[in-house]
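Here's the structure we're looking at; comments come further down.
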Amino acid sequence: MGPVLDVVLSTGFLAAILGVSTPYVLAALGGLLAERAGVPNIALEGSMLSAACTGALVAGYSGSVWAGAVCGIAAGALLALLLGVLHLYLGADAIIAGIGLNLLAAGATSYTVFALLGDKGGTSRLHSGALPSVRLPLIEDIPGVGAVLSGQNVLTWAALAATPVVAWLLYRTRFGFHLRAVGEHPEAARSVGIHVHRVQFRALALSGALAGAAGVFLSMGAVSFFVTGMTAGRGYIALAAVFLGALRPCGVFLAALGFGTAEALAVQLGNLDVPSQLVSAIPYVFTLLALAFFAWRRRRASRTDAAPAPLAGPAVLESP
Amino acid sequence: MTSTLEPAAEQQGRPETQGRREFLATRRRTVVVELTMTVLTVAVAVLIAFLVVLATGKDAGGALDALLTGPLERTPRIGRWLADATTLSLLGLSVAIPFRARQISLGAEGQVYAGALASALVAINLHLPPVAAVLVPLGAAALAGGALGAVPGVMKARLGANEIVATLMLNAVVVRVFDYLLTDHLKAPGSSAVQSAPVRPDSALPLLSDFFQVPLDQANIGLFGMLAVAAAVWFLLARTPLGYRIRITGSNPDFARYGGLDVPRTIEWSFVIGGALAGLAGAHLALGIYGGLQPDMAGGLAFEGIVVALLGRNNPVGVVAAALLYSYLRVGGDVMEQQTDVGSDAVTIIQAVIVLLVTARALPELVKRYLARREAR
Amino acid sequence: MEPTEETGEPVATDTAPPALEAVGLGKTYPNGTRAVSDVDLSVPRGEIRAIVGQNGAGKSTLMKLLYGLEQPSAGQLSVHGRRVRFSGPQDAIALGVGMVHQNLMLVPSFTVAENAVLGVEPGRAGRVDRAAAAERTAALAEQSGLAVDPTARVDTVSVGMRQRAEILKALHRGARILILDEPTAVLTPQETTDLFTAVRRLRDSGMTVLFISHKLKEVREISDRVTVMRAGSVIGTVRTEESTPAQLASMMVGREMSLDVAKPPARPGARVLRVRGLSGPAVHGVSLDIAAGEIVGLAGVEGNGQTELVELLAGLRRPTAGSVTVDDTDVTHLDAAGHRRAGIAHVPEDRLSNGAALDRSIADNLIVDRHDRPPVARRGILRTRRIRELAEDLISRYAIRAPHPDAAAGALSGGNLQKVVVARELSAKPRLLLAAQLTRGVDIGAMHFMYERLLEARDAGAAVLLVSADLGELLALSDRLLVIKDGRLVARFDDPAGLTEEATGLYMLGVERHPDERITAGVR
Amino acid sequence: VSTDSDSTESGKSGKLRIKFVINGNLGDRSFFDSAYAGLKKTEKDLGYSLKVVELGSDRTKWSSGFEDAASGDDYDVLAAGTVDTVGFISKLAPEYPDKKFWLFDGSVDYTGRSGCSNKCANVYSVTFKQNEAAYLAGFLADKLVAAKALPGGAGNEKVGVIGGVQIPVIEDFVVGFKAGFKAAGGNPSSGVLVQYVGGDNPFGDPAKGKQIASAMYGQGAELVWPVAGSSGLGAFESAVAAKRYTFGVDSDQFKTLTDASQRQTVVTSILKNAGNALYLAAKANKAGTLAYGKPAAVGLAENGVGYVDNTNFDKLVPAAVRTELEAQAAKVKSGAVKVPSAF
Ligand SMILES: Nc1ncnc2c1ncn2[C@@H]1O[C@H](COP(=O)(O)OP(=O)(O)OP(=O)(O)O)[C@@H](O)[C@H]1O
Ligand SMILES: Nc1ncnc2c1ncn2[C@@H]1O[C@H](COP(=O)(O)OP(=O)(O)OP(=O)(O)O)[C@@H](O)[C@H]1O
Ligand SMILES: [Mg+2]
Ligand SMILES: [Mg+2]
């Protein structure tokens, strides 16, 4: 246990947490935007996957990682927009449409990779490169902090920056204002002339773009190639973080970071003589306990203060 | 005090009956329109699938033929279709019940494993008289699934914890614990594959092929069990006080509470019953399909159960119909992948396109709107 | 008495085009309901036009057409003489049309100011300047005399303030034509008076106002002319000063009708409800008794604890102190189901949020309190035929205008939905009836009908607690009257006959107060 | 899936038609890909025809997929791999006695006591003694780290093994590796870090593979051996960043990796040569000497498993260690050393 403790307290571990958390944070913030606009985005996973694939392919063929990143993010946004078309215009249930789109992304990425490279496994034969890491010349030299912060991928920085940006967007801008109104009471928003669907489309595009950035991080940051199915359920974890974070940017960020920490911890604990399956269950048990604890505290708090009942419940997934 | 409203009531008498006739006619028409439109959308979806195949430059006609008629070509495929539909229906029903109470439970996956585990443990280890040998494991599966359903149910009903997170997390935990138990404790000695010892022959669900004397793959009496369960779920929802409570709670929980219903308990029951049904689906896999436990034994079925529930609009009859349709496409897809040049990825894409189009209910809406407008003139 | 068909020449003699003009306007909903048909309407600038009609007459639908929320299936619309086609409310807003909806359209988690500016937020470069929003709202509130707290979250403020926030919303958008769909239904007399002052002030500054109400007294007080609708059509438009309430009523229902409530004196029996020192959220130490066969009115300015008191008595909230017994059952710590078993029925003040399940059938809505016992259920099984019979019976006895018991409750008009609620609660043959805002939003025909049912219930031996924002209604129906202020009882009139609204208002506002001994006399 | 030649035509032309049924998907960078490559070679060299059926990873489809594949008349040999298909083959072989079945990386029961009712007389099955190759890997690993022989290394004495999931086939690698590590004088319980990728896509999650490898390097591993399909690809990136070393698996990853700096980290690759075994089986089949009806197991001696000895290996491994390794290999081949197995 001693050496493990050392490792856990090391700067390398803290740096690893940031890296591991990056896709969760980005995708969860994306999920948050969609959810707050009243459209549950189960297609986060699909957005991530298609972005990861597109990014690696474009970067590989064009030779520019930036072109790859932009196209990847666009692919993520596109898939979310497809969800918008299906749900908002064609009346599809958002949850099934999301599941269907995840299926579509899985099939289409694998199909494309095979059609282009003749390899079903992924794009590892293609030189696509990774997005650069950011070195922080001065901070780098500060013991402790330097090793944690310097050398992180640009998208990790983007993830850290995304949280305040999303919060600012939601609470300070006209767009965010409309977005929350649309999610909470679409009729009210419509009655003051807000184009509900337009706002929801934009929110979905942003949501997909953020999930896309998460996917691009996987294939062009964490590693530098695409492997079929490489998102490995991270989109669903991100979705859990959206709700665990109580639909608030800060909470969602902390929840996503919590998942990242738990996963990084599980990676470190993996060497102990504990069955690997049980170790990998730790983050989830931890989440369940946290969920129950926070819910219990919220409930107790609301029991004691005598505020009138709200007009409507918090925006949750729409009723099936 | 003379009622000043007598004339009003009388005046309403005539248009009332006319309104009633109109209402009933509209309702009948709606059913017909919905059915026709569902068939039409499926047709359009298949057409688009055809175009997808055509775009990949493969033999689209052959592929479509395989997709649409393949499942009926050989009796084992019919059996596979029915067996698949059995699991999917149970899973769809398991999701539909909490959905009716407006609880988005995504916990079917974990409940399937819990059910499979419980039923297999009983069916491997206990020596029971013939009929009990089947029923006791089934009961154990329902109990295990229900107990697992109770966890997010209680968390939601009593604490208000988000059920989506709770169920997703619980799935992850249960699947890992299942894997651990299977690899470290239940793996059959001497087997090089990770799988449990087979269930006792008495506990295996009797195969339909033994009754009908045609090879029907693994289709088993679980099919009839499932139909009975679907009927029971219909009865529960439509004809029992608990079902009424579930429906009302799903429609407006504030109203339910005001009306004197115990909303938290109703929510818990919806989770528990849903969990029990998913547990039965797990038992169907363990006792009927695999005859034991295997890792990853639910495949993608748990999530597809959600699709089926929503396609069937959380209505038991609809869910069974949707499950039959969906598993038909699953089998058809496999036939297409085996018999033609269309690759497994393209099959996945086609299935996704079909799911997406069938859920997109715009077409029926547009037609209905058109009909309403024409009538209004 | 046939009203004169009249197409509405402008009251003002100038030749300016009417602010609003509709020709042959019609609307059929996708489900086939023809809510508005062939309506001609012309409202000159600077006029307050009242629109009246029975529940379901199509008033709200007509207003939604004028505001672009619904698109007409026939006819044309002009604003200030310009032919227009609204593709959505944004078009109407751009032309200076503002609307306050019957069901308030506010975002619960936003503040009053944020709601007021929603859609036209102040601020530069895509940002929202919340301070400016609050300032502007405060200024507008000042100007128009609509008092609000701009920084309070909407879900924490009173209904009256929500209503005012809605009007500010329209004003903030620079509305020149203001549609008010039943704005007074939830207001106290004082609030109504203030609202009318504000509306007149707006009219005098050139605003055109369309005003919907079921209260003919208000209509006569505020409007210049009245347009009467029945079954989707305009029956006629009359000058307010030339009309009588009886004439308007008969135009609405299509025949003569009396507006008086015949109320035989009460014959109180044994005590049914006994409340002692009841405290809970917003309620402090309330003690009262209600006997069988009497109606006790509870007056108070909205937000003084009457909602909470009723919900405590209905078991929807938990008391922190005190006791409640009904007949001999101590229900203090029981839940809603326990209260219902003890014989309490409850007509909730907000039928949309907890009085009904809108997407369930009328039949389902009628059996919620008795779904698990005979005759509705036997041996754990629902008996659909019995349910159907029960529903048909209640629909015909309470004259609910519904095509079929299986029709969704949400498809009913407001008044008819209220009848469903009342039918359910009264048919339970309660020992104690808690009736909150019994006639909110229902037309005069239905209103009278409700009064009669209420009196019937009383005479059949029920104890009734009546809470209403309509003081006139309280005074007319109550056998005894209590006044609540800040969660405490402040006055008790054992014989309210001869009591005036003004006199009662003084107690409601806390200007006067009865001594405690008088309030608790006989209550031991 | 890609049919690699038209089955009806090959039927007429009398070519031997192989149908390769995969209970998974191609692209696993492991034995399915390797087996596919070997079978593919038979088309060119032996004039066979090949059709591939991918059943995907959804187990609910496997049983019927095999049943359906076997029922067609468009093949002569049905090839399948992994222990998970043993049950299906055992059931189908007696039902289709005129067809041949090739099973690799798993063995049917030829006694007739369970499984095949015809004692699987038409089944050729071959298993791989991956533990033997893993043993050599462990032996080599300890020799390298104990001697601090790797150029530019940090001089750590630990090594890491990354498995996909904890299943017997993977465990067989781990057990063999630890035995070899011990035989070389190391202490496997402190010197060998073992970790599994797990999760929703254990063999296709390179990001997680990279995290684990990084953690291992962080905990003082001098080299890491990923046995986790595509997840392992992340480990090579990690090795470059940490400036440490790796072993490859299943194919010579010094050749297959595209990135030059990643290639340099690959000391050797441990091969489990399914493709080669199938190719040899096909050749024997053509010659009429393929042994149906009894189990075959190929290890070091039969060249069914092995390690790669290439230029990088020569560069990185000191001559003394190479000699010792060869001596160990000879002992394993001769049976003088019995390598423990997870089965
Ligand atoms: N969205 C809708 N879809 C279908 N029918 C509707 C819809 N809204 C209203 N109706 C129907 O149209 C008719 C007119 O309704 P409307 O709301 O305009 O009545 P109203 O005059 O405002 O009644 P109230 O006084 O109760 O508010 C009613 O029969 C109502 O049931
Ligand atoms: N008002 C209620 N709200 C929520 N759950 C309830 C309510 N009443 C009973 N239940 C629970 O629901 C389950 C089913 O109740 P149901 O009314 O169908 O049967 P029962 O009343 O117990 O049986 P019986 O009809 O023989 O009296 C029971 O476990 C019961 O505890
Ligand atoms: Mg209205
Ligand atoms: Mg009962």
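In what follows, chains are A, B, ... by sequence order, proteins preceding strands, each numbered from 1. Keep in mind that the numbers below use all heavy atoms, side chains included, and drop hydrogens, waters and symmetry copies.
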Step-by-step side chain to side chain contact (heavy atoms under 4.5 Å, CB included) determination, B:Val175 to A:Gln277: CA-CA 9 Å; B:Val175 170; A:Gln277 300 94 339; over 6 Å; no
From CA spacing to verdict: side chain to side chain contact (heavy atoms under 4.5 Å, CB included), A:Tyr284, B:Arg176: CA-CA 10 Å; A:Tyr284 306 105; B:Arg176 281 162 178 76; 3.7 Å; yes
Test side chain to side chain contact (heavy atoms under 4.5 Å, CB included) applied to A:Ile99 and B:Glu304, step by step: CA-CA 8 Å; A:Ile99 295 175; B:Glu304 282 164 19; over 6 Å; no
Side chain to side chain contact (heavy atoms under 4.5 Å, CB included) between B:Ile104 and A:Ile95, worked out: CA-CA 10 Å; B:Ile104 302 172; A:Ile95 294 177; 4.2 Å; yes
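Here CG of B:Asn162 is found 5.5 Å from CZ of A:Phe243. Values are rounded to the nearest 0.5 Å. A distance of 8.0 Å separates CZ of B:Phe303 from CG of A:Asn102, quoted to the nearest 0.5 Å. Between the CG atom in A:Leu86 and the CG atom in B:Leu356 there is a gap of 5.5 Å [rounded to 0.5 Å].
Minimum interatomic distance between A:Ala281 and B:Val173 (heavy atoms only, all atoms of both residues): O-CG2, 4.2 Å. Closest of all the heavy-atom pairs between A:Leu291 and B:Met155 is CD2-CE, 3.7 Å. For B:Leu168 against A:Tyr236, the heavy-atom pair with the smallest separation is CD1-O, 3.9 Å. Across every non-hydrogen atom of A:Gly100 and B:Ala352, the tightest pair is O-CB, 3.5 Å. Nearest heavy atom pair, residue A:Leu288 against residue B:Ala166, reads CD2-O, 3.7 Å. B:Gly160 and A:Ala295 make their closest contact through C-CB, 4.2 Å (heavy atoms, listed as atom of the first residue, atom of the second, distance).
Heavy atoms of B:Asp179 lying under 4.5 Å from chain A belong to its backbone as well as its side chain. Neither the backbone nor the side chain of A:Leu82 comes within contact range of chain B, judged by heavy atoms closer than 4.5 Å. Contact of A:Phe293 with chain B is not made at all, since no heavy-atom distance falls under 4.5 Å.
Inter-residue side-chain proximity for A:Arg298 and B:Leu159 is flagged as unmet; no heavy-atom pair is nearer than 4.5 Å. B:Ile306 places none of its side-chain heavy atoms less than 4.5 Å from the side chain of A:Ile96.
Partner A:Leu104 forms a side-chain contact (heavy atoms from CB on, under 4.5 Å) with one of B:Ile350, B:Ile349, B:Val355 and no other, that one being B:Ile349.
Other residues, nucleotides and ligands contribute only 12 or fewer heavy atoms inside 6.0 Å of the CZ atom of A:Phe294.
Every pair tested for ring pair (Phe, Tyr, Trp, His ring centres under 6.0 Å) that includes a residue from residues 28-54 of chain A fails, sequence neighbours excluded, so the list is empty.
In terms of non-hydrogen atom pairs under 4.5 Å with chain A, the most contact-rich of B:Asn171, B:Val177, B:Val165 is B:Val165.
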